[in-house]
Every structure is written in structure tokens, then in C-alpha cells.
Novice: 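Please find one structure pasted underneath; my questions will follow.
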Protein chains: 2
Amino acid sequence: MAVTIRDVARASGVHISTVSRTFSAPHLVNPNTRSRVLAHAEQLGYRPNRAARALITGRTYNIGLIVADIANPFFPPLIKAAESQARKHDHHIFVADTNEDPALEEEVVRALAKQVDGVLLVSPRMSNALIEQLSREVPLVVVNRQIAGIPAVVMDVARGARTAIEHLTALGHRRVALLGGPRGSWTSREIRRSASTTARAGGAELIIIGPNPPTEVGGLTVAEDVLRAGATAVLAYNDLMAIGLIEGLLAAGARVPTDVSVVGIDDIMLSRLTRPKLTTVATPTAAAGRAAVDMLLAHGDDRRTNAHIHLQTELVIRDSTGRGPGPHSPADPGDAIAHGGVAS
Amino acid sequence: MAVTIRDVARASGVHISTVSRTFSAPHLVNPNTRSRVLAHAEQLGYRPNRAARALITGRTYNIGLIVADIANPFFPPLIKAAESQARKHDHHIFVADTNEDPALEEEVVRALAKQVDGVLLVSPRMSNALIEQLSREVPLVVVNRQIAGIPAVVMDVARGARTAIEHLTALGHRRVALLGGPRGSWTSREIRRSASTTARAGGAELIIIGPNPPTEVGGLTVAEDVLRAGATAVLAYNDLMAIGLIEGLLAAGARVPTDVSVVGIDDIMLSRLTRPKLTTVATPTAAAGRAAVDMLLAHGDDRRTNAHIHLQTELVIRDSTGRGPGPHSPADPGDAIAHGGVAS
DNA sequence: GACAGTTGTGCAACCGCTTGCATTAATTGC
DNA sequence: GCAATTAATGCAAGCGGTTGCACAACTGTC
């Protein structure tokens with residue numbers, strides 16, 4: 001069926017090992033022989049079988065990339081950055097989606113394990129214990145999670161949440177709702193922890209609503225809860241939820257930001273296109289994708305490194321946040337910073 | 001390093017072939033032996049190496065799925081549907097993004113070729129000749145393209161474009177612009193062909209602008225061209241471009257739909273969230289993903305089938321289209337159909 | 001109790017490729 | 001001019017599995 005190394009060897013009148021070497025160690029073969037082999041290979045349409053090669057070398061030149069939901073606009077920029085970074089090192093990325101399902105995450109990692117040199121686990125929902133176990137079966141890099149002994153790339157959402165809450169309290173908000181993300185999300189726990197501390201320090205009450213599915217619908221369905229709780233400002237786990245929430249608030253007759261201010265997290269493309277434009281915490285997704293690939297390539301072999309990369313987040317103030325009922329701070333960031341501008 | 005079939009055989013005191021059979025042909029091994037082997041396998045944490053198995057069986061239980069741009073919201077629903085359909089048949093999907101680059105498409109197909117049972121090529125940008133050549137190296141199913149001898153799933157965008165143009169001419173539009181998609185897109189050619197015919201039949205002039213990159217920016221940058229051309233209505237290659245165009249038109253001071261009507265294609269989630277909500281041609285992306293997987297599984301082995309699946313599209317009328325300057329038809333679809341409703 | 005069937009397991013070749021070692025021919029040093 | 005290198009290629013084992021075939025050891029039959 002497919003043309004193998006044997007066909008090329010036969011056509012060129014050499015041993016298969018010579019053909020093998022023309023491709024993987026050209027300097028070991030006589031230039032004349034090499035070009036003859038290459039010519040025959042070309043003519044027969046021979047392509048080395050990477051899977052067979054991997055069996056012996058242990059290197060596949062593939063990297064697995066697992067995300068919870070490919071339809072969440074947060075992921076594509078990360079994926080694309082990882083792909084282009086991998087390509088620079090002659091690797092290919094295989095993406096898999098797990099539908100926010102921890103069980104599927106495990107299954108997919110195992111399916112990928114022997115076909116890739118390592119797996120990038122982005123915003124995993126499974127338990128630390130399971131991740132540690134899997135990391136014994138295949139080199140892992142986690143993104144948006146911190147686990148001792150496992151290389152990680154984390155975006156500083158804690159600081160992002162702090163900045164967001166400070167922005168809201170400075171605007172005079174005293175009852176702030178936090179829309180939690182999915183169960184199992186490390187990011188969601190970080191945000192919650194940081195937001196709680198910051199709210200307390202700023203004299204505001206934080207009302208926690210969730211966990212919720214990290215989608216528009218997740219935000220839409222809790223709009224009533226937000227209004228019922230009497231919150232005048234909301235920090236959502238991500239932009240998708242924030243956008244859904246705004247839809248829900250508007251549908252319920254509330255104005256944004258006049259009645260309720262809304263802050264998202266991620267700064268997905270979409271957040272610039274909705275009305276009002278969304279105030280949000282920008283996360284460096286592309287940088288995270290690149291860093292994760294680099295980290296895997298660097299630490300793939302050594303198990304249990306503690307290599308961590310921290311990436312900064314930035315608050316982007318747009319049109320979905322405004323004055324609250326309480327006294328607002330003299331250094332109101334809403335005045336100090338241009339609309340659509342960036343503050344850290 | 002990793003535990004292999006030999007380790008399990010040694011631990012269980014049987015030959016490796018018996019271990020192999022406990023996994024791939026359980027009925028051939030004595031129940032007692034089987035459970036003993038399974039126990040040892042479990043205890044050692046043995047996982048069969050799918051790549052090694054594939055070498056001999058020729059089946060990887062993997063499917064490649066190649067898209068032009070994972071960040072385009074058109075693709076994720078298709079990908080997710082394909083993944084869940086594949087999972088039903090115990091297959092896994094590997095997604096790869098090609099950045100709208102035909103050369104990368106070829107490279108990725110070849111990289112995937114031996115590691116998958118077949119490749120789903122969604123909206124490919126490369127030439128027919130190249131696709132035909134690749135289909136000799138690995139089973140292929142193309143989506144949104146028709147090539148003789150290659151199994152295909154096509155969405156009827158021609159009919160969608162016709163319905164969209166009829167909608168516009170019925171509203172009284174006589175100068176309609178068509179924003180073309182990327183070079184190499186079969187869909188774009190189909191739309192153009194169908195829109196031209198329909199516009200002529202409806203007594204309208206069709207102004208073709210493009211090719212353009214199929215993104216928001218692609219739409220945004222041609223907003224001025226649209227105004228300069230004096231078009232009162234626009235059919236865009238996809239929703240992303242339509243949304244970008246609307247942004248551009250609003251920025252230039254034109255009102256949508258009062259001054260210019262805009263119709264997109266795809267009905268991505270986003271088109272329901274922008275203001276005004278987008279009138280668009282809904283394409284059955286999830287169905288296409290499922291159909292493509294089914295088709296590959298059914299026809300993977302036989303080369304050169306002519307199996308084709310056609311899927312219908314539907315015009316969804318929302319808020320971005322309105323009356324044009326000309327006489328509008330008495331059976332104005334804008335009156336006949338409820339907002340947000342669906343017509344075919 | 002000999003015979004034909006079953007059933008369960010082992011043997012060994014093989015999938016497509018890499019690689020350490022042996023072999024041979026050509027080149028170099030003195 | 002001969003030993004010692006060096007360069008180019010072949011040989012064969014092996015990566016982690018699968019599978020056709022042979023071989024026992026049972027089972028049941030008459």
C-alpha cells in the first residue's frame with residue numbers, strides 16, 4: 001500500500017539502513033548515494049513513518065494540547081500561539097477538547113500519551129492527585145494551575161481580581177457580586193480568594209454566586225440572582241459569563257453600567273464588540289501558549305521540576321463599569337485612565 | 001521506563017501473546033488467566049501503546065481534523081460535534097490549525113498522515129490537485145468543497161446566498177456589495193456564483209469586493225469601499241466579516257440597517273450578541289462535523305468514492321437588514337417572518 | 001480406549017524504522 | 001609499501017505490539 005523504506009532501498013539498490021541514514025543522519029552517507037536515494041524516494045513519494053520512528057527514538061515531535069472548551073474564545077489565541085511556537089521547533093500540536101469534563105480529560109491524556117512528547121494541560125478541571133499521576137505517564141505542563149513538582153505557566157489572575165475589585169470599590173461600590181467559575185477550576189479559586197481579601201480591605205461586601213458553567217448561558221442565568229442580591233457591581237469568572245450577564249441584566253430592565261457595573265476576565269476579542277464594551281482583566285493568553293511550549297521542550301525529560309512562569313494581567317477599563325452608590329475614591333481610576341486604556 | 005507488554009507477561013507468568021490477547025481478543029483467553037493478567041496489568045499501570053499497535057494493525061483510532069483558523073467561531077461547533085461523534089466510535093480527534101495558509105495545510109496533512117486513520121479537511125484553501133494527491137496518501141473527507149472522487153460534506157451556501165440576495169432585493173435594494181472570502185475558498189466562489197445569478201435575476205447590481213481575509217478586520221477595512229461604491233446592502237462571506245463591517249460602517253457614520261443593510265453567513269453565536277443583531281445565513285456546522293466523521297468511518301478504506309452529503313442552510317432574519325431605496329416586494333420577508341425567526 | 005473436536009497458550013514472524021557493530025574499501029602517515 | 005585510520009555501507013537486533021500456526025491438554029463420542 002504505502003511506500004516504505006524497503007521500497008526505496010530496493011529501487012536505489014542499497015540497504016534500508018542507508019536509506020534511513022539519508023534522512024536522519026545525512027552526513028554519514030556518501031553524497032552520491034544520498035542524492036540517488038533522495039531521487040528515488042521523491043519519485044516513489046516516500047514519507048518516513050513518524051509513528052514507526054517514534055517507536056524506536058522515543059520522540060514523536062508532537063505535542064498534545066488539551067483545553068476544556070474550544071468554543072470558549074479564551075483558548076484559540078493560546079492554541080495558535082502554541083502552534084506557531086511549536087512549529088519553530090519542528091513540532092506539531094494536536095488539540096483536544098474535553099467539554100469541561102474531568103473524566104474526559106483523563107481519557108484524552110492517556111490516549112495522547114504515547115503519541116506525543118508531552119501534553120499541555122490548559123486550565124485543567126481534574127484533581128491535583130490525578131494530574132500528578134498522569135505526569136508519571138507523560139511529560140506534562142499545566143497552564144493556569146500550580147502543583148508542586150509540575151512545570152507550570154500561570155497568569156496572575158489573583159492580582160487581576162485585586163485590581164478589578166479595587167477599581168470597583170474606588171468607584172464607590174459596596175456590594176459586589178462574584179460569579180464563580182466551574183467546579184475544579186484553580187483559577188476560580190484564586191480569583192475568589194483574592195477578591196475576598198481585596199473586598200474586605202476596601203470595605204465592600206462580596207457576594208459569591210456559583211459555581212457556574214463558564215459560558216454566556218452561565219452568566220445569563222444568574223442575572224436575577226445578582227439583582228436580587230442587591231449588588232451594584234459584579235466581577236465575573238470570565239468575559240463570556242460577563243457578556244451573558246449583561247444580556248440578562250438588560251433583559252431584566254437593569255442598565256449597565258448605570259445600575260450595575262460589570263467586569264470580566266480574559267479580554268477576549270468579543271469584549272470589544274459588545275455594547276457596552278466590557279471592562280475586563282486582560283490575560284496574556286498568547287504568551288502563555290508560547291511559554292508552555294518552551295517549558296515542555298525545555299523540561300520534558302526531567303520529571304518533577306518546579307519550573308514556574310508567572311505572567312502578568314492588566315485591567316482594561318471600557319464602558320461596562322461606572323460610579324456606584326457609595327463615596328468614590330478621589331483617585332477614581334475611571335477618570336485617571338483613558339477609556340479603552342490599560343492599567344496594571 | 002514505561003511499562004510494556006513484556007513486563008506484564010513476566011509478572012503474570014504468561015507469554016506476551018497471551019497478554020496481547022487479553023486486551024484485543026479477550027474471548028480467546030481463559031477467564032482465569034485473563035483476570036490474572038488484568039490484575040497484574042492494572043497493578044503495574046500498563047497501557048497498551050496505541051502507536052505500536054497501529055504499526056501492525058494499520059488502525060490508529062485517531063482522526064485528524066484540519067481547520068483554517070480555530071479562532072474563527074465558525075469552526076468550534078463543528079469540531080466539538082466531530083469529537084463527540086468520533087468518541088461514539090471509540091476514536092479520538094486531533095485538531096490542527098493552519099492559519100489560512102495552504103502550504104501549512106499540506107504540511108499538516110502529511111505530518112498527520114500516518115498517525116490517523118483519516119483526515120477531515122474543513123474549508124481547505126489548497127488546490128484540488130493537491131487534495132487529490134494527498135488523498136492517495138491518507139483517507140480524506142473534505143467539508144465545504146466538492147472534488148470528484150473525494151467524499152465530501154457540503155453545506156448549501158449557494159442556496160443560502162440566493163435566499164440572502166432575494167431577501168435584500170425584496171427589501172428594495174438595487175446596489176448590493178458582496179464581500180468575498182479568502183482566495184482559494186470554494187465556498188467563496190460558490191457564494192459569488194450564486195449571488196451574481198440571483199442579483200441579476202432580481203434586477204440588482206452586484207459589486208464584488210475582495211478577496212478579503214475572513215475576519216473582523218477583513219470586514220472593517222472594506223467599510224469605506226462599501227460606502228464609496230454606494231451600496232445600500234451587503235452580503236459578507238461570513239459573520240465575522242459582517243460584524244467587522246458593521247463596526248466600520250458605524251465608525252464612518254453610517255447607520256445599520258437604515259443606511260446599509262448587512263447579511264452575514266454562518267450564524268455564529270456572536271451574531272446574536274452584537275447590536276444590531278445580525279441577519280445571517282445559518283449553516284449546519286454541527287451536523288457537518290458529525291457527517292464528516294461518519295463518512296470517514298464508512299468510506300475510509302475505499303479510495304475514490306463519490307459519496308457526497310448536502311446540508312441545507314437557512315436565512316435567519318434579525319436586525320441588520322431593512323428597507324432599501326427601491327420598491328420593495330409586496331411579500332417583504334421582513335414583514336412576513338418574525339424577528340429572529342428562521343426561513344429557508 | 002482410540003479418535004476427532006475444542007480450548008488455551010506458546011512460538012516466531014512481522015509492522016516500518018533506527019542504530020551499534022562488523023565489514024570492506026579507500027586514504028593517510030611514515 | 002605496509003599498518004593504521006577513516007569513510008561508507010551492510011547486518012541484525014530491537015522498539016511494543018499483533019497474529020497465523022503449531023502444539024498440548026481436555027472433552028465428548030461410540
Side-chain angles (χ1 to χ4, degrees), chain A residues 1-38 40-41 44-62 110-117 137-138, chain B residues 1-38 40-41 44-62 90 110-117 137-138 301:
Chain A
M1 191 82 220
V3 22
T4 81
I5 201 173
R6 257 164 268 271
D7 301 319
V8 180
R10 203 171 308 126
S12 326
V14 296
H15 193 261
I16 59 163
S17 55
T18 302
V19 178
S20 172
R21 280 188 276 256
T22 42
F23 287 97
S24 45
H27 58 281
L28 289 181
V29 19
N30 183 300
N32 297 327
T33 318
R34 189 196 322 163
S35 53
R36 186 155 43 89
V37 170
L38 285 177
H40 281 106
L44 292 173
Y46 169 71
R47 316 274 160 195
N49 183 326
R50 310 170 106 228
R53 174 182 295 176
L55 198 53
I56 232 170
T57 61
R59 310 220 0 100
T60 62
Y61 288 86
N62 293 147
R110 292 233 160 87
L112 239 36
K114 298 294 187 352
Q115 324 197 34
V116 299
D117 294 341
E137 302 179 23
V138 57
Chain B
M1 191 82 220
V3 23
T4 79
I5 200 172
R6 260 161 263 270
D7 301 319
V8 180
R10 203 170 310 128
S12 326
V14 296
H15 193 262
I16 58 163
S17 55
T18 303
V19 178
S20 173
R21 280 188 276 256
T22 42
F23 286 97
S24 45
H27 58 281
L28 288 182
V29 20
N30 182 300
N32 297 326
T33 318
R34 192 198 318 164
S35 54
R36 187 156 42 90
V37 170
L38 285 176
H40 281 106
L44 292 174
Y46 169 70
R47 315 272 161 197
N49 183 326
R50 308 171 106 228
R53 174 183 295 177
L55 199 52
I56 221 168
T57 61
R59 313 226 349 105
T60 62
Y61 287 87
N62 292 148
D90 199 29
R110 291 233 159 87
L112 239 37
K114 298 293 183 359
Q115 323 196 36
V116 299
D117 294 341
E137 301 179 24
V138 57
D301 308 323

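Per chain, numbering begins at 1; letters A, B, ... match sequence-line order.
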Novice: What contact category does A/Ser17 fall into here, base, sugar-phosphate, or nothing, at under 4.0 angstrom with non-hydrogen atoms?
Specialist: base
Novice: Please give, in whole Å, the distance from C/dC17 C1' to B/Leu55 CG?
Specialist: 8 Å
Novice: Classify the nucleic acid contact of B/Val19 as base, sugar-phosphate or nothing, counting any heavy atom under 4.0 Å across all strands shown.
Specialist: nothing
Novice: Closest to the B/Ile16 side chain: D/dT18, C/dC17, D/dG10?
Specialist: D/dT18
Novice: Can you tell which of D/dG16, D/dT9, C/dG16 lies closest to the side chain of B/Ala52?
Specialist: D/dG16
Novice: Tell me: CZ of A/Arg53 to C1' of C/dG16, nearest whole Å?
Specialist: 11 Å
Novice: Go through C/dT9, D/dA8, D/dA12 for me and flag the one nearest to the A/His15 side chain.
Specialist: D/dA12
Novice: Side chain of B/Thr33: nearest nucleotide among C/dG8, D/dG17, D/dT9?
Specialist: C/dG8
Novice: Base, sugar-phosphate or nothing for A/Phe23? Non-hydrogen atoms, less than 4.0 Å.
Specialist: nothing
Novice: Whole angstroms only, please: what is the CG-C1' distance between A/Asn30 and C/dT27?
Specialist: 14 Å
Novice: Specify the separation, in whole Å, of atom CZ of B/Arg36 and atom P of C/dG8.
Specialist: 14 Å
Novice: So what does A/Ser20 touch, heavy atoms closer than 4.0 Å: a base, only the sugar-phosphate, or nothing?
Specialist: base
Novice: Side chains of A/Leu44 and A/Val8: closer than 4.5 Å at any heavy-atom pair?
Specialist: yes
Novice: Could you check whether the side chain of B/Arg21 and the base of C/dG10 have a donor-acceptor pair of N or O atoms closer than 3.5 Å, going by distance alone?
Specialist: yes
Novice: Starting at the 5' end of DNA chain C, which residue's closest nucleotide do you reach first, B/His27 or B/Lys114?
Specialist: B/His27
Novice: Using whole Å, report how far OH of B/Tyr46 lies from C1' of D/dG17.
Specialist: 7 Å
Novice: If you count every heavy atom of other residues, nucleotides or ligands that lies below 6.0 Å from A/Phe23 atom CZ, does the total exceed 12?
Specialist: yes
Novice: Using only modelled atom types and a 3.5 angstrom limit, is any donor from either the side chain of B/Arg50 or the base of D/dG16 paired with an acceptor on the other?
Specialist: no
Novice: Rounded to whole Å, please give me the gap between CG in B/Leu28 and C1' in D/dG20.
Specialist: 12 Å
Novice: Would you say the base of C/dG16 and the side-chain of A/Arg6 have a donor-acceptor pair closer than 3.5 Å?
Specialist: yes
Novice: Looking for any heavy atom pair under 4.0 Å, which part of the strands does A/Arg47 touch: base, sugar-phosphate only, or nothing?
Specialist: sugar-phosphate
Novice: When you measure from the side chain of A/Thr57 to the backbone N and O of A/Arg59, does any donor-acceptor pair fall under 3.5 Å?
Specialist: yes
Novice: Taking side chain to side chain contact (heavy atoms under 4.5 Å, CB included) as the criterion, tell me which of B/Arg21, B/Arg36, B/His40 meets it with B/Val14.
Specialist: B/Arg36
Novice: Calculate the interatomic distance between B/Ile5 atom CD1 and D/dC15 atom P; express it in whole Å.
Specialist: 13 Å
Novice: Within the structure shown, what part of the strands sits under 4.0 Å from B/Thr57 by heavy-atom distance: base, sugar-phosphate, or nothing?
Specialist: sugar-phosphate
Novice: Would you mind reading off the distance between A/Arg34 atom CZ and D/dT9 atom C1', rounded to a whole angstrom?
Specialist: 14 Å
Novice: So, does B/Ser20 use its side chain to make a donor-acceptor pair with the main chain of B/Ile16 at under 3.5 Å?
Specialist: no
